[in-house]
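Computed from a predicted model, the values in this text were never measured in an experiment.
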Amino acid sequence: MRITNKIMQRNNLSNINTNKVYQDNLSTQMSTQKKINRPSDDPVVAIRALRLRSNVTEVTQYYSKNIPDAESWLSVTEDALKNLTQIMTNMISQCTKGSNGPLKTEDRQIILEQMKALGEEVYSTGDADYAGRYVFTGYRTDTSLSFDREQTLNYKITEQLDSSAIDSVIKVKVENADGKSLLDLNSANFQDADMQIDEETVTSVEVHRIRLAYDSCSDYNGRDTSPSISYIDENGVEQTWKGLIDDNDPGAGGDIRLIHSYDDPYTAAANDADAVIYVPETGEILLGENRYKTLMGTTDDDTTVKNEAEIRVTYEKASWQKGDLRPEHYFCCESNPGTNDAILFNKSYLTDNAERQKIEYDVGFNQTIRVNSTADQCFQHGIGREVDDLVNAMQDVLDLEGVKANIEEMLKSAEEGSAAEKTLQTQLSAVDKALTYAKDKEQKLFERGITSFRGYLDDASLCITECGTRSSKLSLIKNRMQNQKTTFETLKSENEDIDITEVAIQLSSAELTYQAALMATGKVSQTTLLNYI
């Protein structure tokens, strides 16, 4: 085969172009520092790169975003819970002071102010938020734990209790038959006929009660909208007490009597063994002895999923003060019941498979961690209600001590042996008796408060422990994600990135080869057949 000059030129140009393409590829690799620039360059490297990039993106999301977000949420939660434990510790300290023997009026006043301040601070702590999201309100992170202002909004609330929610309350009665109270005594009216109060007037009764989560509840006007109490009897049959008793129409049915706090519901409950009395102002349901024994007899069957010992109390509340806890964070409840705007919250709470609102973060491959504690675990209604009982009991003692001081002052100016002196002495004896009852009630409540607040402190400590456990687990996951991130980034780099030194040498060699090829081709191309003629 004859090799012509034209063939030689074409071969040289083809080889020069191949070398130039190779040089261009090396230049591109140097500029991009990547082995390939399109999948067709190396399909195997391209497929592996897609997988590794996906892994790196996932790990980066976990390590750089999800885990820090979860850490911050847990940190805010733990700080709030630590504040709560400090408040509970201070409450226990105040209860210890209040239960230790005789107290001066000044001491009581200090304890009273401390308890009020601590009671207000509890639920303010529960409104802690992270990046605008409330941390103790479950899925409703845009809704505060408590009301931020006074408002009117009707809720129908169902509380799920058991026999442990039934306690006793002591009521000291200091009113006479005319409805006049010892607390109304002053220098202007102590001798009035309707202000005659002696020791016989002062009485103390103790009754069983269910203390609802709220006071200032709705005052029902009809039997069809009354509160209701449901439980399962010893035969496994659900029983319900409902409907208001109409004193003017006893035959109309109903199980519950509506008696306002100013009409002495406690004496009525103590005198009627079958009484179920609803006191809307104080948020209490008072039980006669027979009704109390019935509810205390409820027991749970461990062989079933259903809680047979559960006592459900349904009632309504429409008036809310600033700082009141929102019921949708705690109970199955309905806002604006019976209207087109009605909203039902937490319906599953009334079923055997109640769903609690857990917020979980994806922090690893197929791995999640819970970051939230819900309000019903630590910020229970019982804390505020217990504080209310203690404050009211201590205030009663302070009020009676004030009346006693006024009577003693009036006695100093009363003429010896006069009717005024005798009246004042009688009234002083009545006040002393009332004080004895009130101080005994106060001491018992503060002793019970120690136990109650220790229980709440234990709940808060448990939440802190759970929060700490989650933080420790998250720390381990973070370390593992950091290692995985480093590993995947290394693999990704080994798969995609060039060895700069090696490519630089190859590029330099390609350039020299290209220049040499140009020179050789130039010399060959100058020689033709004419040079041999």
Side-chain angles (χ1 to χ4, degrees), residues 7 9-75 130-131 133 139 141 358-372 469-518 520-521:
I7 292 175
Q9 290 175 359
R10 287 177 179 174
N11 286 340
N12 287 332
L13 290 174
S14 176
N15 292 332
I16 290 173
N17 186 65
T18 300
N19 185 272
K20 191 62 177 176
V21 170
Y22 177 59
Q23 184 182 352
D24 179 63
N25 288 337
L26 292 174
S27 298
T28 303
Q29 288 181 1
M30 282 294 293
S31 62
T32 62
Q33 297 188 6
K34 298 296 180 182
K35 292 180 181 178
I36 63 174
N37 292 288
R38 59 183 65 86
S40 59
D41 291 344
D42 191 331
V44 175
V45 172
I47 293 173
R48 190 182 296 120
L50 290 174
R51 291 175 179 173
L52 290 173
R53 286 185 181 186
S54 177
N55 289 334
V56 170
T57 301
E58 275 191 87
V59 172
T60 302
Q61 175 70 32
Y62 297 142
Y63 179 75
S64 302
K65 297 181 180 179
N66 291 19
I67 290 178
D69 202 16
E71 285 179 326
S72 299
W73 189 295
L74 287 170
S75 177
Y130 166 62
R133 295 175 292 172
Y139 299 152
T141 56
K358 299 179 181 179
I359 296 178
E360 296 180 331
Y361 273 73
D362 289 328
V363 292
F365 296 103
N366 296 321
Q367 190 167 18
T368 61
I369 190 168
R370 180 180 177 182
V371 297
N372 75 319
T469 301
R470 293 166 190 159
S471 296
S472 298
K473 180 181 177 182
L474 188 60
S475 179
L476 295 174
I477 295 172
K478 182 178 181 181
N479 291 336
R480 187 171 71 252
M481 286 297 105
Q482 184 180 23
N483 293 334
Q484 288 185 352
K485 184 172 184 288
T486 302
T487 300
F488 284 127
E489 286 177 343
T490 301
L491 292 173
K492 174 177 172 290
S493 177
E494 291 175 351
N495 181 66
E496 298 182 23
D497 298 343
I498 62 171
D499 185 334
I500 295 179
T501 302
E502 181 181 350
V503 174
I505 294 173
Q506 291 176 352
L507 179 60
S508 178
S509 175
E511 289 175 347
L512 289 173
T513 303
Y514 176 68
Q515 293 297 330
L518 287 176
T521 302

Self-check item: Where F488 and N55 come nearest, the two heavy atoms and their spacing
Solution: CE2-ND2, 3.6 Å

Quiz item: Can you list every salt bridge (Lys or Arg N to Asp or Glu O under 4.0 Å) pair that touches residues 56-69, not counting sequence neighbours?
Solution: D69-R133

Quiz item: Judged by atom type as modelled, is there a donor-acceptor pair below 3.5 Å linking the side chain of T487 to the main-chain atoms of N483?
Solution: yes

Quiz prompt | Worked check of side-chain contact (heavy atoms from CB on, under 4.5 Å) between E71 and L474 | solution = CA-CA 8 Å; E71 285 179 326; L474 188 60; 3.3 Å; yes

Quiz item: Hey, is the main chain of A504 close enough, under 3.5 Å, to the side chain of S508 for a donor-acceptor pair?
Solution: no

Practice problem: State whether the side chain of T490 and the backbone N or O of T486 hold a donor-acceptor pair below 3.5 Å, judged by distance alone. | Solution: yes

Self-check item: Minimum heavy-atom distance A46-P39, with the two atoms named
Solution: CB-CA, 3.8 Å

Exercise. Could you grab the distance from atom CG of L476 to atom OG of S471, nearest 0.5 Å is fine?
Key: 11.0 Å

Quiz item: At what distance, to the nearest 0.5 angstrom, does OH of Y361 lie from CD1 of I369?
Solution: 11.5 Å

Quiz item: To the nearest 0.5 Å, how far apart are CG in N66 and OG1 in T368?
Solution: 11.5 Å

Quiz item: Side chain of D362, backbone of Y62: donor and acceptor closer than 3.5 Å?
Solution: no

Exercise. Examine distances only and state if a side-chain atom of N372 and a backbone atom of I359 form a donor-acceptor pair shorter than 3.5 Å.
Key: yes

Quiz item: Listed by chain and number, what are the side chain to side chain donor-acceptor pair (under 3.5 Å) partners of E494, not counting sequence neighbours?
Solution: none

Quiz item: Where the side chain of S509 meets the backbone of I505, is there a donor-acceptor pair that is under 3.5 Å apart?
Solution: no

Exercise. Rounded to the nearest 0.5 Å, what's the gap from NZ on K473 to CG on L74? Could you check?
Key: 11.5 Å

Quiz item: Can R470 and V371 be said to form a side-chain contact (heavy atoms from CB on, under 4.5 Å), step by step?
Solution: CA-CA 7 Å; R470 293 166 190 159; V371 297; over 6 Å; no

Quiz item: Of the non-hydrogen atoms in I67 and K478, which two are nearest, and what is the gap between them?
Solution: CD1-CA, 3.8 Å

Self-check item: Nearest-0.5 Å distance that lies between atom CG in N19 and atom CD in E511
Solution: 10.0 Å

Quiz item: Say you draw a straight line from CZ of R53 to CG of N495; how long is it, rounded to the nearest 0.5 Å?
Solution: 9.0 Å

Quiz prompt | For the student: nearest non-hydrogen atoms of M481 and V59, plus distance | solution = O-CG1, 3.4 Å

Quiz item: Is it true that a side-chain atom of S72 and a backbone atom of P68 form a donor plus acceptor pair closer than 3.5 Å?
Solution: yes

